[in-house]
Amino acid sequence: MMNFMSFDWGYLFRHSLRAILLSVALLPANLRAEEREFDEVIAKVQPSVTTIRVQGRDGEEAGIGTGFVIDSAGIVATNFHVINEGRAFTVDSASGERLDVLAVEASDVNRDLALIRVDNRAAKLPALELATNADTPQGLRVLAFGNPHGLENSVVEGIVSATREIEGRDFLQLAMPVDPGNSGGPLVDVKGRVHGIINMKSAIDENLGFAIPIEQLTDLVDHPNPIQISRWVKINKIDEQRWTPLMGANWRQRGGRLLVSGLGDGFGGRSLLLSKAKVPEAPFEIAVRVRLDDESGAAGLVFHSDGDNKHYGFYPSGGRLRLSCFLGPSI
């Protein structure tokens, strides 16, 4: 005769149901904790993030980027391509306060990094903590702060998916959207430590971006090459003692070369840069080498001008050389 143990199925059901309800109750709590964690890091980082606006030659806004404070004495880190060489720019705090720019403390065009010194005495913006490369593992959860497409004080979440070498330089590969305006912004972990500087987006995938590892910035901090802002905005500026620009466009000089971009105000987009040098006695020879980014355009050498709209010049265009005479704004 066999004895069967009696089993309290009611007890099992009650305790199983209790375990299920407990699991369901814990899930929202974990989500709330994660939200609080994000709220805390955003509140910690956001006051240190700045908006950088670059002015064009006409004084209008030509671009927008991001920076962040790394030293409460007033050092703001960003990308070199955000401020660009010789351009005037402004720096605003997250609250919209305009900060006086004192100098470009250091810059490295090859690493695409720049440090800006601002007057931080009144704003007292806090500095962010910088992490080390050893603290940036694959799969690390990160937040990117910036101004994508001019949408200020934006934050996006993602992960560090890899460390990638691109054209001989190390980058952090990010699984997150990166857009124009994010450049120069901080890439932080959930503790608010900066692991990288947002640098560029992928042309292949919207949710793929890249950041410069933070140790490249710390190397720049250790080797400053400060340039006062009054001198910085004159770099590459046309020497008005030697040249007279006419009819708009953006004329610059670099390393003995004259560069122009944009359309002029003259007929057909014309713009002139006239030399103020004394005309030598005839006969004399003049020559110019022209490189066109767009072969449909034209650039060349003006050999006579009345200082206004009338001029004669040679213009290579479409593989041919044209001798042109302009007798007025539209003739």
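Computed from a predicted structure; not experimentally measured.
Side-chain N or O atoms of E157 include none that pairs as donor or acceptor with a backbone N or O of L143 at under 3.5 Å. Counting only distance, with no hydrogens or angles, the side chain of D71 and the backbone of I75 share no donor-acceptor pair below 3.5 Å. Under the 3.5 Å distance criterion, the side-chain polar atoms of S183 are left unmatched by any main-chain donor or acceptor of G65. At least one donor-acceptor pair closer than 3.5 Å links the side chain of S271 to the backbone N or O of L246. Judged by distance alone, with hydrogens and angles left aside, the side-chain atoms of T66 form a donor-acceptor pair with the main-chain N or O of G181 at under 3.5 Å. Remark: the backbone N or O of R270 is not paired with any side-chain donor or acceptor of D265 at under 3.5 angstrom. The backbone N or O of G150 lies less than 3.5 Å from no partner atom in the side chain of N147, so there is not a single donor-acceptor pair.
Smallest separation of non-hydrogen atoms from P148 and D179: CB-CB, 3.9 Å. Contact detail for S305 and L274: the closest heavy-atom pair is OG-CD1, 3.5 Å. Taking every heavy atom of both residues into account, N153 and Q46 meet most closely at O-NE2, 3.7 Å. For the residue pair A106 and P224, the shortest heavy atom distance occurs at CB-CA, 3.8 Å. Residues S161 and A175 share a closest heavy-atom pair of OG-N, 4.0 Å. Closest heavy-atom contact between D308 and M247: O-CE, 4.0 Å.
Tested against M200, the residues I166, N79, D112, N182 include a single side chain to side chain contact (heavy atoms under 4.5 Å, CB included) partner, I166. Each of V194, L217, L128 was scored for a side chain to side chain contact (heavy atoms under 4.5 Å, CB included) with I70, with one residue passing: L217.
Residues F145 and I42 are in side-chain contact: their nearest non-hydrogen atoms beyond the backbone lie under 4.5 Å apart. Side chains of L273 and P245 form a contact here, defined as non-hydrogen atoms less than 4.5 Å apart. A 4.5 Å side-chain heavy-atom check between H81 and N199 finds at least one atom pair inside the cut-off. Between S324 and Y312 there is no side-chain heavy-atom pair separated by less than 4.5 Å. Residues D92 and E152 fail the side-chain proximity criterion, which asks for heavy atoms closer than 4.5 Å. The shortest distance between side-chain heavy atoms of V279 and F284 falls below 4.5 Å. Residues V54 and I64 are not in side-chain contact: their nearest non-hydrogen atoms beyond the backbone lie 4.5 Å or more apart. Within the 4.5 Å cutoff, no side-chain heavy atoms of V188 are placed close to those of E129.
Within the model, atoms CZ of F68 and CD1 of I198 stand 9.5 Å from one another, a figure rounded to the nearest 0.5 Å. One finds the CG atom of L99 at 12.0 Å from the CZ atom of R121 (value rounded to the nearest 0.5 Å). Considering CG of L113 and CG of L220, their distance stands at 6.0 Å, rounded to 0.5 Å. Atom CD1 of residue I212 and atom CZ of residue R169 lie 5.0 Å apart, to the nearest 0.5 angstrom. Rounding to the nearest 0.5 angstrom, the gap separating the CG atom in L174 from the CD1 atom in I159 is 9.5 Å. To the nearest 0.5 Å, atoms NZ (K191) and CD (E37) are separated by 9.5 Å.
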(request) With side chain to side chain contact (heavy atoms under 4.5 Å, CB included) as the test, would you mind laying out the steps for F303 and L323 before giving the verdict? (result) CA-CA 11 Å; F303 61 88; L323 171 60; 3.8 Å; yes
(request) Test side chain to side chain contact (heavy atoms under 4.5 Å, CB included) on F89 and I229 and set out the steps. (result) CA-CA 9 Å; F89 58 89; I229 194 62; 3.8 Å; yes
(message) Is there a side chain to side chain contact (heavy atoms under 4.5 Å, CB included) between Q216 and D170? Walk through the geometry before answering.
(response) CA-CA 9 Å; Q216 296 186 26; D170 288 335; 4.2 Å; yes
(message) One pair to check against salt bridge (charged side-chain N to carboxylate O under 4.0 Å, His left out): E97 and K124. What are the steps and the verdict?
(response) CA-CA 11 Å; E97 181 179 356; K124 296 181 180 180; over 6 Å; no
(request) Output, in order, the C-alpha distance, side-chain angles, deciding distance and verdict of side chain to side chain contact (heavy atoms under 4.5 Å, CB included) for W232 and I83. (result) CA-CA 10 Å; W232 176 264; I83 61 174; 3.9 Å; yes
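With hydrophobic clusters built from ILVMFWY side chains whose heavy atoms lie under 4.5 angstrom apart, V221 does not share a cluster with L102. A continuous path of Ile, Leu, Val, Met, Phe, Trp and Tyr side chains, each step under 4.5 Å between heavy atoms, connects V82 with V109, placing both in one hydrophobic cluster.
Both tests do not hold together for R164 against F210: distance to the six-membered ring centre under 6.0 Å, angle to the ring axis within 45°.
Residues forming a ring-ring contact (aromatic ring centres under 6.0 Å, His included) with F171 (at least two apart in sequence, or on another chain): none. With sequence neighbours left out, R111 forms a salt bridge (Lys or Arg N to Asp or Glu O under 4.0 Å) with D108, D219. For D100, the side chain to side chain contact (heavy atoms under 4.5 Å, CB included) partners are D119, not counting sequence neighbours.
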